[in-house]
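Counting starts at 1 for both ligands and their atoms, following the listed order.
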Amino acid sequence: MGLSRRDFIKACAAAAAFAAAGASVARPEWAEAAEDGITWGKAPCRYCGVGCSVLVGVKGGRIVSTKGDPAGPVNKGLNCIKGYFLSKALYGKDRLTTPLIRKGNRMVEASWDEALDLIAAQYKKAIAEHGPDSVALYGSGQWTIQEGYVASKLMKGGIGTNNLEPNARLCMASAVVAFMNTFGSDEPMGCYDDLDLGDTYVLWGANMAEAHPVLFSRLIDNKLKHPKVKLIDIATRRTRTTKMADEFIAIKPHGDLAALNAIIHVILRDKLYDEAFVAKHVSFKRGKENAPYGLKDKEAFNETPADVKNLSFEEYKALMKPYTPQWAQKVSGIPAAKIEELARVYGDKSRKVNSLWTMGVNQHSRGVWVNNLIYNLHLLTGKICKPGENPLSLTGQPSACGTAREVGTFAHRLPADMVVMNEAHRKKAAGIWGVPAEKIPAKVGLHTVEMFRAIDRGELKCIWIQCTNPFQSLPNLNRVRKAAQSRKAFIVVSDIYPTRSTELADVVLPSASWVEKEGVFGNTERRTQQWFKMVNAPGKSKEDVWQLIEFAKRMGHGALFPYPEKGMHRAIFEEYRKFTLGTGKDLAPYGTYAKVRGLRWPVKANGTETRWRYTEADDEHVAKGEGIKFYKAPNNKVSAWFRPYEPPAEVPDRNYPFWFCTGRLLEHWHTGTMTGRVPELRRAVSQATVELHPEDAKRLGIRNRDQVRITSRRGSIVLTAEIGGRGTPERGSVFTTFFDEKKLVNEICIDAFDPLSKEPDFKKCAVKVQKA
Ligand SMILES: Nc1nc2c(c(=O)[nH]1)N[C@H]1C(S)=C(S)[C@@H](COP(=O)(O)OP(=O)(O)OC[C@H]3O[C@@H](n4cnc5c(=O)[nH]c(N)nc54)[C@H](O)[C@@H]3O)O[C@H]1N2
Ligand SMILES: Nc1nc2c(c(=O)[nH]1)N[C@H]1C(S)=C(S)[C@@H](COP(=O)(O)OP(=O)(O)OC[C@H]3O[C@@H](n4cnc5c(=O)[nH]c(N)nc54)[C@H](O)[C@@H]3O)O[C@H]1N2
Ligand code: SF4
Ligand SMILES: [Mo]
């Protein structure tokens with residue numbers, strides 16, 4: 001598995017030395033090798049969705065080193081800069097070490113019993129007075145699978161509310177809805193091998209060089225080895241990714257919706273599609289249109305089966321007629337000739353084409369539609385489920401796939417693609433959980449934006465936040481923070497450091513993180529990766545799953561969690577695994593994951609992994625002779641949706657003439673709580689800046705490093721100008737990051753969201769830009 005002979009011999013020698021020297025000390029369960037007094041174990045990186053495998057070196061009860069794992073098939077020994085400094089993220093001077101309880105404006109140290117008793121009393125009171133839907137739990141795609149599973153069982157099967165959400169609502173929700181309404185099952189058919197095997201890569205709004213660095217280096221490796229490989233970067237901003245691309249195509253914000261429709265128009269007009277593939281595998285559909293933007297509280301929009309119209313291929317072609325390249329040029333800013341060219345790239349039978357996308361597409365008020373249209377390109381041309389040619393939706397967090405999506409910690413979901421609205425699904429979940437089926441409510445819970453609006457409205461009385469920092473990362477942040485400050489709800493925050501969220505909490509709980517506990521993550525390519533606990537967490541810190549189970553006991557739901565203290569993580573995983581078997585999302589026994597560098601599901605009966613789903617060549621759920629079979633889709637036919645152009649929620653005007661976009665940079669992780677405590681990373685990038693186009697800056701009289709005031713209808717903030725730095729936005733737009741806790745950038749962001757996925761659009765709103 002990518003382990004070179006040299007590495008292998010080295011590892012064996014080290015293991016032998018370890019065995020000899022270790023006669024007196026018991027070898028820890030996690031130890032794979034030892035040298036120079038350092039014991040090494042394996043773990044996936046705790047940051048991004050690439051899911052690199054790292055070797056963690058422990059000496060004297062502390063992590064002393066981490067290094068890229070040569071045996072890790074994802075990264076083959078590589079790490080990005082965040083990976084290199086992983087251990088330091090846990091050793092900031094101000095780690096939380098004891099529970100804290102609010103007494104007026106002060107936070108007072110407390111015991112776990114005091115803190116948990118108080119939380120349980122508050123939750124019980126709220127439930128008694130206002131019912132179970134007055135409480136909530138807000139979690140994370142950085143939760144382990146065990147944490148997410150326990151959270152779901154407790155909230156949905158115990159307390160009896162679907163008010164459970166992950167921060168992945170801000171991230172992957174649009175991708176999830178499109179996977180479900182196109183293929184009938186979440187997560188990609190392809191995998192990272194496609195980055196080694198293809199020859200054409202089209203990026204739609206992804207800055208892979210900074211957000212998925214090791215994966216990007218894998219793609220670049222392919223490009224350097226094979227001259228045919230072409231990389232096309234379609235984005236609203238020039239980035240480090242652009243520098244490595246063969247071609248940069250600038251689009252206007254939201255312009256993808258027009259450009260994709262026009263590319264499809266040309267593919268249909270010039271008959272560049274694969275007639276046989278379409279006839280065998282695709283059914284055309286039209287959904288609900290004139291969708292709202294979620295700007296009003298409690299605004300409801302769903303696409304029910306009654307709203308969906310089936311179309312013949314001819315009807316679909318007729319609907320696509322108006323979307324000409326000339327029309328799209330006006331809306332997207334991409335020249336009509338370029339759109340024709342892109343259509344020929346996708347239609348070229350001699351090219352293995354891959355589309356890759358991340359938040360440029362998902363954080364979009366029509367994000368589901370854009371995902372749908374990207375799939376249409378691959379469905380029409382038949383470039384799907386084949387080694388080296390696939391659409392690949394990139395995931396952001398280390399376990400957005402494994403935990404948020406597979407375990408199903410969204411307000412409408414249950415494990416393994418099941419949903420709370422479906423009676424048979426509720427019955428299956430209730431059966432495995434050992435609770436009456438009526439216990440799991442059929443009513444979808446509050447989605448993230450509504451959950452925090454409900455605090456403002458006084459409807460939500462208690463919320464527990466774990467492994468996420470919403471009072472920095474939510475959109476329209478002023479409203480959300482004011483609601484919390486008004487103390488209308490009882491707020492619990494479990495974190496490892498003081499944050500902009502812990503400062504608003506009534507109870508702060510110190511958590512164990514990463515290798516201070518045992519866990520499992522699932523990455524972008526369906527790879528499930530396990531690790532053991534290697535060091536103790538500081539002070540009284542306890543892992544999130546322990547916190548939840550202790551709370552459950554106080555709530556009278558202890559019987560749901562009958563796991564032994566030793567082997568708890570294994571027992572939770574084995575119970576969860578029952579949901580997956582036979583569904584096409586099949587997982588291996590826990591013990592298998594303990595031994596390997598992850599496996600991609602569905603795991604086969606013989607214990608091997610699946611690289612390409614839905615294909616006879618690799619997926620056990622497709623019988624020999626069936627070729628490609630979309631076995632999770634109705635009648636085995638995937639849906640190609642007609643999705644019209646509709647404008648964005650807010651567009652620049654005379655008063656707010658600039659587009660405002662937010663995103664990431666290499667050195668920092670989201671709200672900066674961890675990377676901000678790594679001296680090397682903090683020194684590299686110490687504060688958020690605002691990127692401007694040089695011509696805009698000149699016109700406004702702004703020079704590099706000047707202070708600039710950015711104002712939207714929701715907030716105002718002063719940032720240092722960055723002109724000609726590593727990123728350059730297109731004219732008429734500015735860009736910034738959200739890692740800097742001193743600059744609450746999200747106060748500017750609009751809380752408009754995609755009505756199907758409820759994922760907010762952090763990529764566009766209108767602002768004023770002035771020299772401060
Ligand atoms: N270093 C680092 N890496 C990370 C993270 C991190 O915090 N730091 N976070 C991880 C997570 S959770 C995520 S979700 C990913 C995000 O990964 P990415 O999505 O790649 O990163 P972003 O910087 O959020 O946004 C990428 C691009 O969206 C494009 N964009 C803006 N508006 C539009 C539009 O209207 N249409 C299109 N098509 N594109 C548009 C812009 O060009 C922008 O550069 O990164 C993951 N990796
Ligand atoms: N402006 C803007 N805002 C955005 C986005 C954007 O592009 N622009 N992107 C959105 C996206 S895609 C995402 S994924 C979100 C991410 O937003 P958040 O999830 O709010 O950001 P993180 O910084 O990842 O927060 C994780 C928190 O968990 C803590 N932590 C670390 N390990 C543990 C642990 O084991 N247990 C516990 N209990 N805590 C732990 C960390 O210290 C940190 O405070 O941001 C969203 N917000
Ligand atoms: S690319 Fe992602 S998973 Fe790999 S080391 Fe960097 S942050 Fe960690
Ligand atoms: Mo994300």
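- Annotation: W514 places no N or O atom under 3.5 Å from an N or O atom of ligand 2; distance criterion only.
- Looking only at side-chain heavy atoms (C-beta outward), D495 and T468 stay at 4.5 Å or farther from each other.
- From the protein, the heavy atom lying nearest to atom 35 (O) of ligand 2 is K517 NZ, 2.9 Å.
- The part of C45 lying near ligand 3 is the side chain, judged by heavy-atom distances below 4.0 Å.
- Among protein heavy atoms, atom 28 (O) of ligand 2 sits closest to C467 C, 3.3 Å.
- For atom 5 (S) of ligand 3, the closest non-hydrogen atom of the protein is C80 N, 3.4 Å.
- Of all atoms in ligand 2, numbered sequentially from 1 with element shown, those under 4.0 Å from a heavy atom of S473 are 3 (N), 4 (C), 17 (O), 18 (P), 20 (O), 45 (O), 46 (C), 47 (N).
- Remark: ligand 2 atoms within the under-4.0 Å shell around heavy atoms of C171 are 12 (S), 14 (S).
- For ligand 3, the atoms sitting less than 4.0 Å from at least one non-hydrogen atom of K82 are 7 (S), numbered in the order shown with element in parentheses.
- The closest non-hydrogen atom to atom 13 (C) of ligand 2, taken over M674, R664, Q363, comes from R664.
- Defined by atom type and a distance below 3.5 Å, a donor-acceptor pair is missing between the side-chain atoms of N362 and S174.
- Taking a cut-off of under 4.0 Å to the non-hydrogen atoms of V214, the atoms of ligand 3 that pass are 1 (S), 4 (Fe).
- For F738, no nitrogen or oxygen atom sits less than 3.5 Å from a nitrogen or oxygen atom of ligand 2, counting backbone and side chain alike.
- Taking any N or O of Y497, backbone or side chain, none lies under 3.5 Å from an N or O belonging to ligand 2.
- The ligand atoms of ligand 2 that sit less than 4.0 angstrom from a heavy atom of N469 are 18 (P), 19 (O), 20 (O), 25 (O), 44 (O).
- Inclusion of T499 in the set of residues having an N or O under 3.5 Å from an N or O of ligand 2 is not warranted.
- Considering only non-hydrogen protein atoms, atom 18 (P) of ligand 2 sits nearest to T468 OG1, 3.5 Å.
- The G51 neighbourhood of ligand 3 comprises atoms 3 (S), with distances under 4.0 Å to a heavy atom of that residue.
- Below 3.5 Å of separation, one finds no N or O of G663 facing any N or O of ligand 2.
- Of all protein heavy atoms, the one lying nearest to atom 3 (S) of ligand 3 is C52 N, 3.4 Å.
- The single protein non-hydrogen atom nearest to atom 38 (N) of ligand 2 is S494 O, 2.8 Å, given as residue, atom name and distance.
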